[in-house]
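See structure below.
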Amino acid sequence: MQQPLIPQRVTVALLVAAVLLPIAICVVVAVGWLLAGMGDPWGQVFLFRIALLGGILWVIDLVGLVLSLAVGVLGRPTGPEDEE
């Protein structure tokens, strides 16, 4: 049996991050709006920048997830000639 090119743990971690990052971004943006409503514009700007960083990380995570799944599919044996 051949070892996979990308461990399954990595793919699962990328999938979990792809699900949880948008939730975390929404919470950070909501708290930023709350701070703006309470009269703290610096807190709002800080949290919006954190949310922007989270969005960038989310895009990087999605690209990594797609590449991980593509490598997993392409590295899988397809027929009897690949089975040794």
Side-chain angles (χ1 to χ4, degrees):
M1 179 115 178
Q2 178 182 340
Q3 290 288 338
L5 295 172
I6 305 286
Q8 187 176 3
R9 244 194 254 172
V10 173
T11 305
V12 169
L14 288 171
L15 184 62
V16 168
V19 170
L20 293 181
L21 273 173
I23 296 169
I25 292 167
C26 289
V27 169
V28 170
V29 168
V31 173
W33 281 112
L34 178 66
L35 287 178
M38 294 172 61
D40 185 6
W42 292 105
Q44 178 192 17
V45 168
F46 178 73
L47 287 180
F48 280 5
R49 300 248 171 125
I50 296 294
L52 178 63
L53 177 64
I56 292 168
L57 289 175
W58 186 44
V59 169
I60 292 170
D61 177 66
L62 290 176
V63 170
L65 181 61
V66 168
L67 291 176
S68 168
L69 293 174
V71 167
V73 167
L74 292 176
R76 191 177 341 158
T78 57
E81 66 274 355
D82 290 337
E83 296 174 7
E84 293 182 12

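All values below were derived from every heavy atom in this structure, side-chain atoms included, with hydrogens, water molecules and symmetry-related copies excluded.
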Pairs of donor and acceptor atoms involving the side chains of residues 60-72, under 3.5 Å and at least two apart or interchain, shall be tabulated with distances.
from : atom 1 : to  : atom 2 : distance (Å)
D61  : OD2    : A18 : N      : 3.0
S68  : OG     : T11 : OG1    : 2.8

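Partner L47 forms a side-chain contact (heavy atoms from CB on, under 4.5 Å) with one of L52, V27, L35 and no other, that one being L35.
Side-chain heavy atoms closer than 4.5 Å link hydrophobic residues (I, L, V, M, F, W, Y) into clusters, and following such links, possibly through other members, connects V31 to F46.
To the nearest 0.5 angstrom, F48 atom CZ is 12.5 Å from I25 atom CD1. Considering CG of D40 and CG of L34, their distance stands at 10.0 Å, rounded to 0.5 Å. For the atom pair CZ (R9) and CG (L14), the distance works out to 13.5 Å, reported to the nearest 0.5 Å.
When all heavy atoms of P22 and A17 are compared, the closest pair comes out as CD-O, 4.3 Å.
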